Colleague: 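Have a look at this one.
It should be emphasised that the depicted structure is a prediction, and the values quoted were computed from it without experimental measurement.
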Amino acid sequence: MQTVSVSPKYQVVIPRELRIALGIRPGQKLQALRYGDRLELIPQRSMAEARGFLRGIDAHVEREDDRI
């Protein structure tokens, strides 16, 4: 685990090892989510990068008789 500091402008630097491991590039957008007392940054991916990430998932869903 690495520690980062918050600057007076509320900026943080993501450690190099994490940027490389997650493929984060300069200018890339990150989603910021709050979970209780925790902050998570999730890299946004383009649609081209996301294509096929659900390949192999079972799409069969049991439906009730009154549903289409």
Colleague: Show your reasoning for whether side-chain contact (heavy atoms from CB on, under 4.5 Å) applies to Ile42 and Leu33.
Modeller: CA-CA 8 Å; Ile42 303 170; Leu33 299 172; 3.3 Å; yes
Colleague: Would you say Tyr10 and Val4 are hydrophobically clustered, going by side-chain heavy atoms of ILVMFWY under 4.5 Å?
Modeller: yes
Colleague: Run the salt-bridge test on Glu17 and Arg19 with the 4.0 Å N-O cut-off and return the result as yes or no.
Modeller: no
Colleague: Restricting to non-hydrogen atoms, name the atom on Pro43 and the atom on Leu30 that form the minimum distance, rounded to 0.1 Å.
Modeller: CA-CD2, 3.4 Å
Colleague: First locate atom CG of Leu18, then atom CD of Gln2, and finally report the distance between them rounded to the nearest 0.5 Å.
Modeller: 5.5 Å
Colleague: Under a 4.5 Å cut-off applied to non-hydrogen side-chain atoms, are Arg38 and Glu40 in contact?
Modeller: yes
Colleague: To the nearest 0.5 Å, tell me how far Leu22 CG sits from Leu41 CG.
Modeller: 10.0 Å
Colleague: Any heavy-atom pair between the side chains of Val12 and Ser5 that's under 4.5 Å?
Modeller: no
Colleague: Distance check, rounded to the nearest 0.5 Å: Gln44 atom CD versus Ile24 atom CD1?
Modeller: 11.5 Å
